[in-house]
K.L.:
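Have a look at this one.
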Number of protein chains: 2
Amino acid sequence: MRGVLSDSALGRQVNGQLVMDYIVQHGPISRAQVAKMSGLSKQTVSELVLMLEEHGWVREVGIVQGKLGRTAVTYELNPEAGYVAVADIGGTQIKLGVADVSGKLLEEVRIPLAAEGQQVADQLLHGINDLLAKNGIRQDKLLQLVVGVPGVVDRQKKQVHHSPNLPALQGGWLEEQLRESLKTQVLLENEVNLATIGEQWKGKGQQHGSFIFVAMGTGIGMGVVLDGKLWRGARGFAGEIGYMPVLDTIDPMVKQRGALESVASGHAILTQYATLTGQPATSLPEVFALAEAGDAVALGVMDSVAMSCAKAIAATATVVDPEVCILGGSIGSRPEMLVRVQEWLGKMMDEPLPVEANHLGKSAGLFGAIALALQAVNSRYFSPQHTFGEVVIPSA
Amino acid sequence: MRGVLSDSALGRQVNGQLVMDYIVQHGPISRAQVAKMSGLSKQTVSELVLMLEEHGWVREVGIVQGKLGRTAVTYELNPEAGYVAVADIGGTQIKLGVADVSGKLLEEVRIPLAAEGQQVADQLLHGINDLLAKNGIRQDKLLQLVVGVPGVVDRQKKQVHHSPNLPALQGGWLEEQLRESLKTQVLLENEVNLATIGEQWKGKGQQHGSFIFVAMGTGIGMGVVLDGKLWRGARGFAGEIGYMPVLDTIDPMVKQRGALESVASGHAILTQYATLTGQPATSLPEVFALAEAGDAVALGVMDSVAMSCAKAIAATATVVDPEVCILGGSIGSRPEMLVRVQEWLGKMMDEPLPVEANHLGKSAGLFGAIALALQAVNSRYFSPQHTFGEVVIPSA
DNA sequence: TTTACTTCGTTCATATTACGAACTAAATGG
DNA sequence: CCATTTAGTTCGTAATATGAACGAAGTAAA
C-alpha cells in the first residue's frame with residue numbers, strides 16, 4: 001500500500017471505475033449484465049457494486065421480471081450522491097444552476113449583472129446558496145462549482161486574464177472567495193470553452209472526437225476539442241482567434257483589439273455598416289433585417305464578415321484538421337451566416353471542412369459547465385489518488 | 001484472465017512498464033535504487049527485473065563498489081533486445097538507417113532517389129536488407145520500420161494522400177509491400193511530423209510539452225505537439241499550413257497549390273524575385289547572397305516571406321497556444337530569416353510567441369523516425385494487450 | 001401442477017501479486 | 001576485526017480476481 005502505482009488496489013480502482021461507467025452509461029442494469037459486458041467475473045462485480053452502494057454512488061432501482069430466468073436486481077447512478085453548481089457570467093446577466101450527479105439540471109435562474117466586481121461575487125454566492133436551500137441540498141453535498149467567465153483562464157494559477165469586458169474579474173480572488181465561502185472545489189473556465197464542452201456533451205459534438213466550435217457574437221472565439229479532450233493551450237489561450245491576424249495591414253489598434261475580431265463579429269458588422277453608409281451605427285437586428293430585405297450595403301457587410309470568419313476556419317483547419325466545425329453564437333447561429341461561411345469555405349478549401357449549426361443555443365454554456373463539473377467530480381473520486389469512491393469533504 | 005482489464009496482471013503490466021522506464025531513463029541502475037525511486041518494494045522490483053532480463057529487454061552491466069554498503073548489481077536496457085529501421089524519402093535522395101532499441105543510430109546511408117514508384121520501394125527494401133546484413137542483425141530482431149514520406153498519411157487506412165512531389169507513393173501499396181517483404185511492422189509518417197518528433201526527442205522541444213515546429217524549405221509545413229503528443233488531425237492533415245489562406249484575394253490557382261506556400265517558401269522567394277526584377281528565376285543561395293550584399297529587391301522579398309510566415313505562426317498561436325515555435329527547414333533555419341520572423345511577430349502579437357532556431361538540422365527527420373519507431377515498439381510490447389514484455393514475431 | 005430450463009447471484013477454493021519484516025550478503029571504515 | 005551500511009532474498013500475510021459449484025427465483029411446457 002505504499003508505492004505510487006504499486007499496490008493491487010490500482011486494479012480495484014480501474015475496475016471500480018469500469019463498473020461505475022457501465023452503470024452510469026447503461027442506465028438501470030443488473031450485475032450479471034455488467035459482468036458480461038465488462039468481462040469481469042460476477043462476484044467481482046457484486047463486490048464492487050456493493051462498495052459503490054455503500055458509498056452512496058449507486059442505488060437499487062427495481063427488479064426485472066418477464067424474461068426467462070431468475071429476477072434481476074437492477075442498479076443505477078444515485079442522483080442524490082452529490083450535486084454541482086454552475087454559473088455563467090455573461091455580458092448583461094448571470095445564469096446560475098444546480099444539477100445532480102446524473103447531470104440533470106434541477107433549477108436555473110438569471111440575475112441581472114451587477115456593476116462592480118465584488119458585487120458580482122456576492123451575487124454568485126447568494127444565488128447559489130438560494131438555489132441550494134430551495135432544492136434542499138446540504139452544503140457538504142455540493143461537490144463542485146464551475147463558473148464560466150468572459151476571459152482567459154490560467155488553470156495552474158487559477159487566475160483570470162484578458163477579460164476586457166469585465167476587468168474586475170482578473171486575478172485569482174474570485175476563485176478563492178467562492179471556494180472559501182462555499183467550501184467546495186471551484187473551477188473557472190472560459191465561456192466559449194464551456195459552450196464547446198456543452199456541444200460535445202449534448203450537441204453536435206457527440207458524434208465527433210475532434211471538432212472546433214466557433215462562437216460569433218459580439219466578439220469571436222473558438223473552442224478546440226481533440227480526441228475528445230478540450231485543448232486549452234499552454235496558457236489557456238487556445239481558441240482566442242479574435243487575435244488572429246487576417247488583415248494585410250499591420251495596425252497597432254488592430255493588434256490591441258484583435259485582428260479577426262475587428263472584421264468578423266457583431267461589433268464588426270455595426271462598424272462596417274456605419275462606415276459604408278456614413279450613418280451612425282444601427283442595431284444588429286436592423287442590419288440583418290436590411291440584408292434580408294435586399295439592402296446592398298447590408299448584404300455586402302454580411303458577406304465580408306462571413307468571408308473573414310471562413311478564412312479563420314480554413315486557417316484553423318490546416319493547423320488542427322478537425323472533423324467538423326460547429327458554428328454558434330448570436331451571429332454565427334443565424335442560417336444566413338452559416339450558408340455564407342460554407343460558401344466561402346468552398347472557395348478556399350479543396351475539401352471544405354463541414355460546417356454545422358450549433359444545437360444548444362444559449363444553454364450550451366450551462367450544459368458545458370455541468371459536464372465539466374461532473375468530469376471534475378468523477379476524476380476526483382475515482383482517480384487512483386483517492387480511496388476508491390470515498391466521498392471526501394472538498395475544501396482547500 | 002478473461003476480462004479486458006479484469007485480471008490483476010494489469011498491475012503487473014503497469015509496474016513492469018514503470019521499472020522498465022526507470023532502467024531506460026536512469027541508465028545503469030541497481031534494483032534497490034529503482035525500488036526507492038518507484039516506491040515499489042525491493043522484491044517486487046527484483047521479480048520484475050528478472051522477468052525483463054529473461055525476455056532480453058535488460059541486462060546486467062556491472063557492480064558498483066567504493067560506496068558504503070554492499071556491492072550493487074546494476075542493470076541497463078539491453079541494446080541488442082531489438083532493432084528498428086528508418087527511412088526518409090526526400091526530394092532528391094533516400095536516407096536510411098538502423099538503430100538499436102536504446103536509440104543509438106548504428107549506420108546511416110544515402111541513396112539517390114529513383115524515378116519511379118516501384119523502384120523506390122525496391123531501393124528501400126534492398127537498402128534496409130543491406131544495412132541489416134552489414135550490422136549482423138537477424139530479420140526477426142527487426143521490430144519496426146518507420147518511413148518518412150512527403151505527403152499526408154492516413155493512419156487508419158495506412159495510406160498516403162496529397163503527395164504532389166512523389167505522386168507514385170499515394171495509396172497503401174508501399175506499406176503493404178514493405179511489411180510483407182521485411183516481415184515487420186511498418187509505419188509511414190509525414191516528414192515534417194518526423195522532424196517535429198526529432199526536435200522533441202533530441203532538440204529544442206525537450207523543454208516544452210507543447211510546441212509547434214515550422215519547416216520552411218522548398219515548401220512550408222508544420223508539426224504540432226500538444227502535451228507531449230504529436231497531433232496528427234482527424235485525417236492526418238494537421239500542420240499542412242501550406243494550404244492556409246493568408247491572401248486577401250481568392251485565387252483558384254492559390255487554392256490548388258496552397259495559399260501560404262505560394263508566399264512563404266523557397267519557391268515563393270524565387271517567383272517573387274523573378275517577378276519583381278523581370279529576370280528569370282535565379283537560385284536560392286543567390287538571392288540570399290544578394291540580400292546580404294544589400295540588394296533592395298532581395299531584401300524586400302525576404303521581408304515579405306518572413307511576414308507571411310509570421311502571420312501563419314501568429315494565426316496558429318491563437319488557435320493552439322503553444323509554448324514556443326521552433327523554426328527549421330533549409331530557409332527557416334537561416335538566422336536572417338529567424339530575426340525577420342521574430343520582428344514581424346512582435347508587431348502582430350501583444351505577447352509575441354517565442355521563436356527559436358531548430359537544433360538538429362537535416363537529421364531531425366531520421367531522429368524523429370527512430371523516436372517514433374521506439375515509441376511504437378514500446379507501446380506494442382508493454383501495453384496491456386500483450387503478455388508482459390514477451391517478444392512476439394511481428395507480422396501482419 | 002409438476003418438471004425442465006434459464007438466468008441471477010453467492011459461496012468457496014485457488015492463483016497472482018504486492019507488501020513488510022526479518023534475514024543474509026558483502027562491502028567500508030575505523 | 002568488528003560495527004555500520006547498503007543490497008538483495010526469504011517468508012508470511014493481505015488484497016484482489018477467477019472459475020466452478022451451488023442455491024435462488026423466475027418462465028415454459030407437458
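Naming convention: chains lettered A, B, ... in sequence-line order (proteins, then strands); numbering from 1 in each chain.
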K.L.:
Separation of B/Ile63 atom CD1 from C/dA27 atom C1', in whole Å?
P.N.:
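Answer to the nearest Å: 10 Å.
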
K.L.:
Regarding A/Lys229 and A/Asp227, does a basic nitrogen lie under 4.0 Å from an acidic carboxylate oxygen?
P.N.:
no

K.L.:
What's A/Thr44 touching, base or sugar-phosphate or nothing? Going by heavy atoms closer than 4.0 Å.
P.N.:
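Since a base atom lies under 4.0 Å of A/Thr44, the category is base.
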
K.L.:
Report the nucleotide, chosen from C/dC8, C/dG20, D/dG8, that has the shortest atom-to-atom distance to any side-chain atom of A/Arg70.
P.N.:
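The nucleotide sitting nearest to the side chain is C/dC8.
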
K.L.:
For the side chain of A/Leu68, counting heavy atoms from C-beta on, which of D/dA7, D/dG8, D/dA28 is nearest?
P.N.:
D/dA28

K.L.:
Would you mind reading off the distance between B/Leu40 atom CG and D/dT9 atom P, rounded to a whole angstrom?
P.N.:
15 Å

K.L.:
For the side chain of A/Thr71, counting heavy atoms from C-beta on, which of C/dG9, D/dG26, D/dA7 is nearest?
P.N.:
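That would be D/dG26.
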
K.L.:
Nearest whole Å is fine: how far is C/dT16 P from B/Met51 CE?
P.N.:
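Checked: the CE to P distance equals 10 Å.
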
K.L.:
Strictly below 4.0 Å: does B/Ser46 bring a side-chain N or O up to OP1 or OP2 of D/dT9?
P.N.:
yes

K.L.:
How close or far is atom P of C/dC8 from atom CD of A/Gln33, stated in whole angstroms?
P.N.:
7 Å

K.L.:
Measure from the side-chain heavy atoms of A/Ala32 and tell me the nearest of C/dA27, D/dA28, C/dC8.
P.N.:
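Comparing C/dA27, D/dA28, C/dC8 against the side chain of A/Ala32, the answer is C/dC8.
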
K.L.:
To the nearest Å, give me how far apart CD1 (A/Ile29) and C1' (C/dC8) are.
P.N.:
14 Å

K.L.:
Atom CG of B/Asn15 and atom C1' of C/dC19: how far apart are they, to the nearest Å?
P.N.:
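Nearest whole value for this atom pair: 12 Å.
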
K.L.:
For the side chain of B/Glu323 and the backbone of B/Phe211, is there at least one donor-acceptor N/O pair under 3.5 Å apart?
P.N.:
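No; zero donor-acceptor contacts below 3.5 Å.
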
K.L.:
Once you round it to whole Å, what is the distance between P of C/dC8 and CD of A/Gln65?
P.N.:
13 Å

K.L.:
Is the shortest side-chain N to carboxylate O distance from B/Glu80 to B/Lys141 below 4.0 Å?
P.N.:
no

K.L.:
May I ask you to verify whether the side chain of A/Gln43 and the base of D/dG19 hold a donor-acceptor pair under 3.5 Å?
P.N.:
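Donor-acceptor pair under 3.5 Å: yes.
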
K.L.:
May I ask you to decide whether B/Glu76 forms a salt bridge with B/Arg59, counting only side-chain N to carboxylate O separations under 4.0 Å?
P.N.:
yes

K.L.:
Under a 4.0 Å N-O cut-off, is there an ion pair linking B/Lys158 with B/Glu175?
P.N.:
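B/Glu175 and B/Lys158: salt-bridged.
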
K.L.:
Let me know the distance between OH of A/Tyr75 and C1' of C/dC8, rounded to the nearest Å.
P.N.:
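A/Tyr75 atom OH is separated from C/dC8 atom C1' by 11 Å.
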
K.L.:
Please compare B/Lys42 and B/Val45 by the position of their nearest nucleotide in DNA chain C and report the one closer to 5'.
P.N.:
B/Val45

